[in-house]
Amino acid sequence: MSFIAFLILGLIAGAIAKLILPGRQGGGWFVTLLLGVVGALLGGWLGGLLFGANLQDFWSIQTWVVAIVGSIIVLLIYGLIFGRKGSRA
């Protein structure tokens, strides 16, 4: 898969992950889309490592599922680290 196709896949996977996750993760859409690209990379790496998934085809359902799951994982981790913090005033 080309670099541009990978970026497009990550951006779309990040948007889908944002729609799936309830609540506010903070950071806005731009950060969410960047995290989607990171999540697609993470999902592709984990999919290849754990399941031997071949993720070379952009239109493969396997590629999309792995990218979306990776994006959800990254968004959850981001939410745990940088989530809303209560005011201490």
Side-chain angles (χ1 to χ4, degrees):
M1 185 175 352
S2 73
F3 181 71
I4 300 296
F6 174 75
L7 284 178
I8 292 169
L9 172 69
L11 293 173
I12 295 171
I16 292 171
K18 178 78 169 180
L19 292 173
I20 291 173
L21 288 177
R24 294 183 60 186
Q25 286 78 32
W29 277 96
F30 183 72
V31 171
T32 301
L33 295 177
L34 288 177
L35 291 173
V37 173
V38 172
L41 178 63
L42 173 70
W45 179 73
L46 286 175
L49 183 67
L50 298 176
F51 307 113
N54 183 12
L55 305 174
Q56 298 300 321
D57 188 19
F58 182 79
W59 296 109
S60 169
I61 189 71
Q62 181 179 6
T63 301
W64 283 90
V65 168
V66 167
I68 292 168
V69 169
S71 296
I72 290 172
I73 291 170
V74 170
L75 282 175
L76 286 172
I77 292 171
Y78 179 81
L80 289 174
I81 294 173
F82 297 105
R84 287 198 236 170
K85 299 190 180 5
S87 63
R88 299 176 194 222

Output for pair (L80 CG, L75 CG), nearest 0.5 Å, gives 11.0 Å
Rounded to the nearest 0.5 Å, the CZ atom of F30 sits from the CG atom of L11 at a distance of 9.0 Å
Separation between CD1 of I72 and CD1 of I20, rounded to the nearest 0.5 Å | 4.0 Å
So do V37 and L41 actually touch side chain to side chain, heavy atoms under 4.5 Å?
-> no
Rounded distance (nearest 0.5 Å) linking atom CG of L34 with atom OH of Y78 = 10.0 Å
Grab the two heavy atoms, one from A17 and one from S71, that are nearest each other, plus how far apart they are.
-> CB-CB, 3.7 Å
Would a 4.5 Å heavy-atom cut-off, applied to side chains only, mark V69 and L46 as touching?
-> no
Nearest heavy-atom contact between V66 and G43 is CG1-O, 2.6 Å
To the nearest 0.5 angstrom, please state how far the CD1 atom of I61 sits from the CD1 atom of I68.
-> 7.5 Å
